[in-house]
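Worksheet: the structure to be examined is printed underneath.
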Amino acid sequence: MKDAIASLLKSTINQLQTVGTLPKTINYQLNIDATKDKSHGDFASNIALALAKQAGMHPRKLAEIIVETIATNKAHDIEKVEIAGPGFINFFLSKAAASAIITTILERKDTFGLNDLGRGNKVQVEYVSANPTGPLHIGHGRGAAIGDSICRLLTGTGHQVTREFYYNDAGQQINNLALSTQARCKGLGPDDDSWPTDGYRGAYINDVADAYMAKETIDAEDKHVTGAANPDDLNAIRDFAVAYLRREQDSDLKAFDVDFDIYSLESALYADGKVEETVNKLIESGHTYENDGALWLKTTHFGDDKDRVMRKTDGGYTYFVPDVAYHAEKWSRGFKTVINEQGSDHHSTITRVRAGLQAMNIGIPEGWPDYVLHQMVLVMRGGEEVKLSKRAGSYVTLRDLIDEVGRDATRFFLVARAPSSQLTFDIDLAISQSNDNPVYYIQYAHARVCSVQRKLIEQNLSWTDADANTLELLVEDSEKALMKRLSQYPEVVTNAAHNFTPHTIANYLRELAGEFHSFYNACIVLDENTELRNARISLSIAVKQVLQNGLRLLGVSAPEKM
RNA sequence: GCGGCUGUAGCUCAGCUGGAUAGAGUAUCUGGCUUCGAACCAGGUGGUCGCAGGUUCGAAUCCUGCCAGCCGCGCCA
């Protein structure tokens with residue numbers, strides 16, 4: 001509909017140029033917005049305001065001319081056109097045009113709102129990417145909820161999405177994990193003198209050690225290991241601990257309904273020679289130099305505030321080298337779009353990774369890859385902030401939240417805010433007043449429609465999809481508001497996918513649910529008049545369908561009863 | 001000190017590719033269930049959109065400066 005108005009306006013402007021009312025060369029961006037206030041009609045354009053100066057006349061005068069010209073060739077979908085305020089042109093849709101959206105939704109069902117804008121473009125999304133040194137916490141949960149929803153959005157807009165989880169299984173942190181587990185195997189605790197420096201103090205390390213000593217077999221998504229029960233075999237302990245924690249993370253992610261196509265390991269980048277290859281390319285490119293016994297990359301050439309060490313004096317590489325190798329490998333796999341969803345505390349790696357990729361000079365565009373960074377999650381419990389510390393072992397795990405708050409509410413809460421906003425997760429509130437959680441408000445609207453449908457059968461009422469004429473019986477304010485809202489859904493999805501902002505879906509669903517509840521209280525769906533009943537049921541089912549479609553994009557269920 | 005993000009109602013947050021009278025939830029106050037699910041609805045109270053300039057027909061939105069908070073600034077990841 002918006003497109004129809006746009007082309008109508010465009011041809012009108014062309015016509016005005018031809019007759020000389022408007023200059024031959026003008027600059028403008030055609031803007032057509034859905035209105036917020038129903039007295040402003042359904043759509044509004046600011047075109048007269050934008051062109052007033054170039055046309056050399058007052059905005060309202062220009063608007064009048066435009067509206068007069070439109071009147072001669074407007075489509076039957078538009079009932080009337082008005083000028084308002086400083087010079088806005090407001091479009092009022094005809095009844096038929098407004099209610100056509102219901103028919104469209106009932107026809108397209110679960111594909112309504114989806115499109116093929118991505119045209120099969122290969123996109124890779126990396127998210128969570130937690131190192132296997134402990135259970136997933138609420139911050140990982142936020143990344144999982146956002147990352148997964150972005151994947152659903154991209155898939156829904158025609159992209160060919162690969163979901164990927166990258167983890168470090170080769171660095172110092174893994175060494176600390178192995179040493180901590182070994183210490184536990186030997187019966188040591190964090191307070192003992194010989195406890196490893198920088199060891200992980202959490203009680204979960206004890207579980208790992210017990211399982212290792214009990215020769216347990218671990219089957220993680222990408223690891224299969226049996227405990228050797230030998231406290232002196234550090235390599236065996238390392239392999240076992242990594243597999244154990246990976247298995248825990250897998251099960252948490254599964255409970256969260258989040259999955260991956262590929263698990264990438266840092267160790268594999270070394271084993272396959274990718275790291276070495278990257279280093280060689282960087283040296284060949286001339287962007288490196290030796291200093292103080294280390295090899296440096298001139299990242300300052302690419303916008304960094306200081307150069308970075310690539311190879312340490314002990315011969316090992318710093319973490320960003322395999323990171324660069326990993327992303328070069330993503331590029332070589334043919335992903336023109338790569339999105340990394342990470343916590344904002346890793347923000348400094350962006351410059352380094354991009355600098356490394358530019359320095360390799362292998363045709364990667366500047367500003368590749370994309371990043372979506374989420375801010376920290378502040379956890380409140382008992383009215384106090386819970387400090388997260390992996391080493392100290394104070395923790396609010398994702399598993400705790402799923403168990404206490406529920407998957408749907410947890411996912412919704414974590415995905416419903418803009419990633420760039422800090423988020424306060426009040427556990428007591430989420431548990432004790434869970435009925436006030438917006439996700440129930442949305443699910444309730446869905447369940448209500450289902451209930452009406454059940455009632456329909458109970459009362460032996462016949463029902464058919466309302467035809468166009470019948471749908472014109474929907475004339476109440478609440479009904480018109482709903483139809484307008486429904487018609488906005490495809491654009492909301494497109495924008496959310498384009499901007500990587502799943503939270504806008506959550507906002508939309510809340511508004512849709514709210515308008516449905518208003519409608520439900522204002523109008524009897526199961527009216528005695530068969531025609532009106534059919535029209536309202538059709539509207540209700542269309543709402544149910546869109547709620548379902550939107551919730552699926554967020555990974556939240558749409559229950560038929562609550 | 002440098003860089004990133006944030007600052008909107010008592011609280012939690014939308015709105016930010018400029019548009020008409022700045023929104024929602026919660027809290028608080030008043031109403032609404034003999035009738036399709038009251039986990040709901042209708043209405044009231046509540047705002048210097050951090051501060052100050054600038055851009056323009058128009059700024060919560062864009063630009064500059066300042067203030068405050070969070071995060072990062074390692075030959076850890």
Side-chain angles (χ1 to χ4, degrees), chain A residues 29 31 33 35-37 39-40 44-46 49-50 52-53 58-59 84-88 90 129 131 133 167-168 170-174 176 198 266 292-296 303-306 308-320 322-323 343-351 373-376 378 380 416-426 429 433-438 440-441 443-445 447-456 458-459 461 478 495 499 503-504 506-507 510-511 513-514 516-527 533 536-537 540 561-562:
Chain A
Q29 167 115 36
N31 246 329
D33 295 310
T35 55
K36 290 175 195 157
D37 188 327
S39 70
H40 296 150
S45 177
N46 65 345
L49 293 160
K53 196 173 230 177
H58 291 295
F88 289 104
N90 293 333
S129 291
N131 285 340
T133 54
Y167 64 90
N168 165 303
Q172 188 54 37
Q173 295 188 6
I174 295 299
N176 291 338
D198 295 331
E266 185 188 15
D292 293 336
L295 182 67
W296 297 68
D304 206 350
D305 56 348
K306 54 181 156 182
R308 306 292 168 177
V309 169
M310 289 172 59
R311 189 170 55 223
K312 300 180 277 186
T313 48
D314 70 3
Y317 294 111
T318 55
Y319 74 91
F320 93 90
D323 260 14
S344 67
D345 53 334
H346 288 262
H347 130 268
S348 62
T349 67
I350 298 175
T351 310
L373 301 181
H374 63 261
Q375 295 286 321
M376 301 291 92
L378 185 71
M380 302 287 286
R417 262 69 165 202
S420 61
S421 283
Q422 279 181 54
L423 188 156
T424 302
F425 201 118
D426 188 325
L429 190 75
Q433 302 185 12
S434 60
N435 286 354
D436 294 329
N437 192 308
Y440 295 112
Y441 184 81
Q443 289 178 323
Y444 185 54
R448 261 186 157 172
V449 179
C450 295
S451 172
V452 170
Q453 288 182 287
R454 285 193 295 269
K455 205 65 155 190
L456 193 64
E458 277 175 30
Q459 298 183 1
L461 292 171
S478 61
N495 288 340
N499 300 322
H503 73 281
T504 56
N507 293 340
R510 222 216 139 276
E511 311 235 310
F516 176 75
H517 288 310
S518 295
F519 156 74
Y520 187 85
N521 276 273
C523 303
I524 300 286
V525 178
L526 298 180
D527 195 90
R533 184 169 72 232
R536 287 183 173 161
I537 292 170
S540 300
K561 289 182 183 176
M562 296 173 68

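In the text below, chain A, chain B and the rest are named by the order of the sequence lines, each starting its count at 1.
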Within this structure, what is the [atom1]-to-[atom2] distance between [X] and [N], rounded to whole angstrom?
{"X": "Leu423(A)", "N": "C5(B)", "atom1": "CG", "atom2": "C1'", "result": "14 Å"}
{"X": "His40(A)", "N": "U21(B)", "atom1": "NE2", "atom2": "C1'", "result": "9 Å"}
{"X": "His347(A)", "N": "C73(B)", "atom1": "NE2", "atom2": "P", "result": "11 Å"}
{"X": "Arg417(A)", "N": "U6(B)", "atom1": "CZ", "atom2": "P", "result": "16 Å"}

Taking donor-acceptor contacts at under 3.5 Å, does the side chain of [X] reach the base of [N]?
{"X": "Ser451(A)", "N": "G37(B)", "value": "yes"}
{"X": "Tyr319(A)", "N": "A77(B)", "value": "yes"}
{"X": "Ser421(A)", "N": "C13(B)", "value": "no"}
{"X": "Asp345(A)", "N": "G72(B)", "value": "no"}
{"X": "Asn176(A)", "N": "A77(B)", "value": "no"}

I want to verify a distance call: between C75(B), A20(B), C41(B), whose nearest atom is closest to the His517(A) side chain? C41(B)
Regarding [X], tell me which of base, sugar-phosphate or nothing describes its non-hydrogen contacts under 4.0 Å with the strands shown.
{"X": "Ala445(A)", "result": "nothing"}
{"X": "Lys561(A)", "result": "base"}
{"X": "Arg311(A)", "result": "nothing"}

Check whether the side chains of Asn131(A) and Thr133(A) place a donor and an acceptor atom closer than 3.5 Å, and report yes or no. no
Considering non-hydrogen atoms only, spot the tightest contact between Phe516(A) and Arg448(A) and give its length. CE2-CB, 4.1 Å
Pairing nucleotide - A60(B), Watson-Crick or G-U, each distance under 3.5 Å: none
Which distance, rounded to the nearest 0.5 Å, do you find between the CZ of Phe425(A) and the CG of Leu378(A)? 12.0 Å
Rounded to the nearest 0.5 Å, what separates atom CD in Gln422(A) from atom OG1 in Thr424(A)? 7.5 Å
Can you work out whether Trp296(A) or Asn521(A) has the more 5'-proximal nearest nucleotide on RNA chain B? Asn521(A)
With the stacking rule set at 5.5 Å and 30°, tell me whether Phe88(A) counts as stacking on G19(B). no
Mark this stacking check for Tyr520(A) against C36(B) as yes or no, applying ring centres under 5.5 Å and ring planes under 30°. yes
